[in-house]
2 protein chains.
Amino acid sequence: MARLVYERADVVPMLAEVFRELGYDGASMARIHERTGLGKGSLYHFFPDGKEDMAAAVLADIDTWFDRQVFAPLRLDPPEKAIDAMWRTVTEYFQGGGRVCLVGAFALDGTRDRFAIAVAGYFQRWIDALSDALVRSGRDSRLARDAAEEAVSGIQGALVLSRALDDRETFARAMTRLARRLRD
Amino acid sequence: MARLVYERADVVPMLAEVFRELGYDGASMARIHERTGLGKGSLYHFFPDGKEDMAAAVLADIDTWFDRQVFAPLRLDPPEKAIDAMWRTVTEYFQGGGRVCLVGAFALDGTRDRFAIAVAGYFQRWIDALSDALVRSGRDSRLARDAAEEAVSGIQGALVLSRALDDRETFARAMTRLARRLRD
DNA sequence: AATCCAGTGTACCAATCAGTACAATGGATT
DNA sequence: AATCCATTGTACTGATTGGTACACTGGATT
């Protein structure tokens, strides 16, 4: 009989999807087991501190992904190119509004207090990186920060609204609107 | 010894605050008891179907409140006046970013499926009402709808971001930005 | 072939979960 | 004064919660 053997890195993305769908409190160990196929033995082997450990790992994973795919390019690549790439990458990552931002979802309920530093850091670094790109493209420093904040905030709003209305067109419209706002 | 006697209408706002802070799954009956002071007897007396019943009542309550305080004025009052009032009312209601939108929070996790109609209806009516006011103020119908969507979406994003950064200034800045966008 | 050890499955625990049952309270109605 | 009934407190249930303990598997190392 075949035996599936995972390592920690394989488990984190599955956990991310579970937390995304069910939220932190909604994701019980039983449901995590159901959706990942991993038994308690494996789960506590990889994440000795249980659920909190899992969520922290997921947040760290999301963080490094965005750092590499979005934030670093914004800081290093030609600004116009990096910003264009950001819109594409983000739209794909959130599957056009069909996939929720876990960090944003955590921010809204009591889970925030538990992961306050990770949650704040994620958004702060996003705004910083985007602001940096805008400054490098010749924008005034103060205006750049305001515009970056508007974009990041707008993406989160678009996710909430498109998910609430269960309509990806809403998300698509918001993204083109925000991209245009950022160009002016 | 004094005995506190509530009626259903007194309980709903307390429940709203509990769900707001803890989320739907985070709000256990024990915690609801703690924070409201009501025993299980009272809670199941008012809400025979338990938590789901409570959340539905809270959503309905929020809905009627917004209908009266925000949506109806947008449809009936002089548009510029009504829109100005909307920004004031909303800022006060969300306590400058310190208070979360329960409907938005529900939209992000698995709770949405349970209350999909109420959640979608809330945002749809908000967009419709604001769009109506913009049309009445002379805006083109298509542009009005787009602008209304941007505003409602933007408010939700501002709530997520200001809560994530734990900074009300972020919310305040977003509100003035959105109000200006709506005027152009 | 013997050992090792990362990864697994299962049985188990106390605490908490949502929900039920029902007797007690006490203001209002008659 | 007797009755009524909305509201409340408490004791209880069975299911589920997060978490622990531990024996087992099987590929890799020696």
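Ring-centre distance between B/Tyr6 and B/Phe46: not below the 6.0 Å cut-off.
Straight-line distance from the CG atom of A/Leu43 to the P atom of C/dA6: 17 Å, rounded to whole Å. The separation between B/Met54 atom CE and C/dC17 atom P is 13 Å, rounded to whole Å. What separates CG of A/Asp25 from P of D/dT16 is a distance of 18 Å, to the nearest Å. Following rounding to the nearest Å, B/Glu34 (CD) and D/dG9 (C1') show an atom-to-atom distance of 17 Å. For the pair A/Leu22 CG and D/dT17 P, the interatomic distance rounds to 11 Å; values are reported in whole Å. The CD atom of A/Glu7 sits 10 Å away from the P atom of C/dT8 (whole-angstrom rounding). Rounded to whole Å, the distance from CE on A/Met29 to P on C/dC17 is 17 Å. Rounding to whole angstrom units, CG of residue A/Asp49 and C1' of D/dT20 are separated by 13 Å.
With the nearest nucleotide of DNA chain D identified for both B/His45 and A/Arg31, B/His45 has the one nearer the 5' end. Between A/Tyr24 and A/Gly41, the one whose closest nucleotide on DNA chain D sits nearer the 5' end is A/Tyr24.
Of the candidates C/dG7, C/dT8, D/dG18, C/dT8 carries the atom nearest the A/Leu38 side chain, counting heavy atoms from C-beta on. Among the nucleotides C/dA18, D/dG18, D/dT17, the one closest to any side-chain atom of B/Lys51 is C/dA18. Among the nucleotides D/dT17, D/dT7, D/dG18, the one closest to any side-chain atom of B/Val5 is D/dT7.
Below the 3.5 angstrom threshold, one finds a donor paired with an acceptor across the side chain of A/Lys40 and the base of D/dG19.
At the heavy-atom level, A/Tyr44 lies under 4.0 Å from base atoms of the strands shown.
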Inset, instruction - Using the salt bridge (charged side-chain N to carboxylate O under 4.0 Å, His left out) rule, take A/Arg20 and B/Asp109 through it: C-alpha gap first, then chi angles, then the decisive distance, then the call. - result: CA-CA 7 Å; A/Arg20 230 184 276 275; B/Asp109 64 30; over 6 Å; no
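Between the CG atom in B/Leu178 and the CD atom in B/Glu150 there is a gap of 7.0 Å [rounded to 0.5 Å].
Between A/Tyr6 and C/dG7, a side-chain N or O to OP1/OP2 separation shorter than 4.0 Å is absent. When the side-chain nitrogen and oxygen atoms of A/Ser28 are compared with OP1 and OP2 of D/dT17, one or more of them lie within a distance under 4.0 Å.
Environment of CD in A/Gln95: crowded, with over 12 heavy atoms of neighbouring residues, nucleotides or ligands closer than 6.0 Å.
When every heavy atom of B/Asp53 is checked against every heavy atom of B/Asp49, the shortest pair comes out as OD2-N, 3.1 Å.
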